[in-house]
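Have a look at the structure below before the remarks.
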Amino acid sequence: MRNIDAGSAQRHPDHLFDGIGRRFEYLRLSLTDVCNFRCTYCLPDGYKKPCNRPAELSVGEVRRVVSAFARLGLWKVRLTGGEPTLRRDFDEVARSVAEIPGIRRVAMTTNGYRLAERAQAWRNAGISAINISVDSLDPARFAEITGHDRLREILKGIDAAQKANFDSIKLNAVLMRGVNDRELEAMVDFVSSRDLSLRFIEVMRTNDNAKFFAERHVAGQSVIDRLQALGWARLPRQPGAGPAVEFGHDQAKGRIGIIAPYSKDFCATCNRLRVSSLGKLHLCLFGDAGIDLRPLLQSDDDERDLIERICKLTSTKAPAHRLHQGNSGATPHLASIGG
Ligand code: SAM
């Protein structure tokens with residue numbers, strides 16, 4: 001094992017590996033589990049606040065947890081949720097993460113509801129990559145899926161993001177059988193003429209959506225087959241790339257990626273860890289309950305212990321999820337950890 005040796009805690013390694021040699025460079029940090037949308041596959045009845053819900057990580061706690069990961073060589077952070085931009089201090093959090101030595105890229109994932117007015121401010125706060133969820137380009141279908149008739153605003157937001165000069169803009173679309181899977185060609189057309197990437201995401205089964213998943217899941221391979229029939233070709237894997245399989249077309253400006261967690265060897269290229277808005281480390285989106293880091297986020301003096309804890313826990317990461325056995329771990333829905 002290449003991680004820190006518990007007996008020699010004076011030094012810490014420059015890189016973070018698990019027990020089977022996967023290196024982690026990417027942290028997905030949830031800023032809140034609250035979401036204002038009611039996506040049918042995630043929070044169909046809307047967000048329900050649990051009794052006695054603890055406060056979300058403060059700006060100081062966020063800074064400490066990200067600094068510890070940065071010392072272990074993680075250089076990319078994605079701010080997600082829930083809907084991360086519901087946090088009033090979102091810009092401040094983004095700015096403080098972007099200032100942490102070693103962090104080279106701060107990304108965010110949003111449903112885009114504030115994008116049209118805030119894109120430039122987020123870019124100025126240090127966010128350089130943005131993923132926007134757009135499950136349909138048809139206003140009525142968009143409203144059915146998300147519970148919000150806001151497609152027009154979100155499309156304006158995408159224009160604003162393009163003007164704000166993000167290094168990377170990706171649209172996330174979850175394809176669902178009999179809901180929006182016929183829109184694949186329209187979505188492909190949309191990115192063909194724009195300098196944008198599109199990510200098709202397979203519906204993932206979580207604890208709360210088993211019936212929905214059984215009815216609506218579309219296998220990633222069938223999406224790949226359709227893209228290839230449209231002349232899209234697989235692109236070589238970039239070093240350090242995550243699990244998305246990328247496609248390009250010589251007459252298209254945009255690119256397309258497929259995130260297919262049910263495909264063979266999906267976990268082999270896993271390069272990411274997650275921390276929830278309550279400070280729990282999740283080694284896998286579909287793992288067991290998160291492990292609390294928060295007691296070690298209260299003072300800068302605890303950094304060494306925090307780093308040691310992260311190393312030890314990461315070394316125990318399971319080689320693969322258990323989705324194929326129908327086991328989606330302890331995750332009720334992705335808003336709870338940060339999708
Ligand atoms: N609120 C933000 C948003 O809408 O993008 C960020 C959080 S959301 C949980 C992040 C991503 O996870 C979105 O692209 C969403 O479509 C995706 N997602 C949520 N639940 C999912 C599921 N069960 N299967 C596949 N993707 C899911």
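Counting convention: from 1, in listed order, for ligands and their atoms alike.
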Honestly, is R194 close enough over F190, meaning NZ or CZ under 6.0 Å from the six-membered ring centre and within 45° of the axis? yes
Hey, which atoms in ligand 1 end up nearer than 4.0 Å to a heavy atom of N209? 23 (N)
Which ligand 1 atoms does V203 reach within 4.0 Å, using its non-hydrogen atoms? 24 (N), 25 (C)
Check the pair N124 / D91 against side chain to side chain donor-acceptor pair (under 3.5 Å), numbers first and verdict last. CA-CA 9 Å; N124 296 346; D91 296 21; over 6 Å; no
Do E183 and L137 come within less than 4.5 Å of each other through their side chains, counting heavy atoms only? yes
Is any NZ, NE, NH1 or NH2 atom of the basic residue among R177 and D181 found under 4.0 Å from an Asp or Glu carboxylate oxygen of the other? no
With a 6.0 Å cut-off on the ring centroids, do Y26 and W75 count as close? no
Under a 4.0 Å heavy-atom limit, does H333 contact ligand 1 with its side chain, its backbone, both, or neither? neither
Would R53 and D33 pass as an ion pair if we require N to O under 4.0 Å? yes
Backbone or side chain, does any N or O of D135 fall under 3.5 Å from an N or O of ligand 1? no
Find all atoms of ligand 1 within a distance of less than 4.0 Å from any non-hydrogen atom belonging to N172, and give their numbers and elements. 14 (O)
One finds that the ligand 1 atoms under 4.0 Å from a non-hydrogen atom of E202 are 24 (N), 25 (C)
Electrostatic pair R226:E185 at N-O distance under 4.0 angstrom: yes
Which of the ligand 1 atoms, numbered from 1, are nearer than 4.0 Å to a heavy atom of T80: 6 (C), 7 (C)
Atom 18 (N) of ligand 1 sits nearest the protein heavy atom Y41 CE1, 3.6 Å
Under 4.0 Å, heavy atoms only, figure out whether ligand 1 is touched by the backbone of N111, its side chain, both or neither. both
If the threshold is 4.0 Å, N to carboxylate O, is there a salt bridge linking D138 and R182? no
Ionic contact status for E303 with R71, cut-off 4.0 Å: yes
Within-4.5 Å side-chain heavy-atom neighbours: N207 and T331: no
T109 N/O under 3.5 Å from ligand 1 N/O: no
Look only at interatomic distance and state if I201 has a nitrogen or oxygen under 3.5 Å from any nitrogen or oxygen of ligand 1. no
Options P84, G82, A335, A173, ranked by nearest heavy atom to atom 7 (C) of ligand 1, top entry: G82
Which residue holds the protein heavy atom closest to atom 26 (N) of ligand 1, what is that atom called, and what is the gap in Å? V174 CG2, 3.6 Å
Of the protein's non-hydrogen atoms, which lies at the shortest distance from atom 12 (O) of ligand 1, and what is that distance? G339 CA, 4.1 Å
Is there side-chain contact between M108 and T85, with heavy atoms separated by less than 4.5 Å? yes
the protein heavy atom lying closest to atom 23 (N) of ligand 1 turns out to be M204 O, 3.0 Å
Could you list the atoms of ligand 1 found under 4.0 angstrom from a heavy atom of S133? 3 (C), 4 (O), 5 (O), 13 (C), 14 (O)
Ligand 1 to G81, heavy atom cutoff 4.0 Å, flagged ligand atoms 7 (C), 9 (C)
Carboxylate-amine/guanidinium contact E215 K211, below 4.0 Å: yes
Candidates R78, K170, E83, R216; heavy atom nearest atom 1 (N) of ligand 1 found on E83
Report yes or no: does R199 have a heavy atom closer than 4.0 Å to ligand 1? no
Taking non-hydrogen atoms only, is T110 closer than 4.0 angstrom to ligand 1 via side chain, backbone, both or neither? backbone
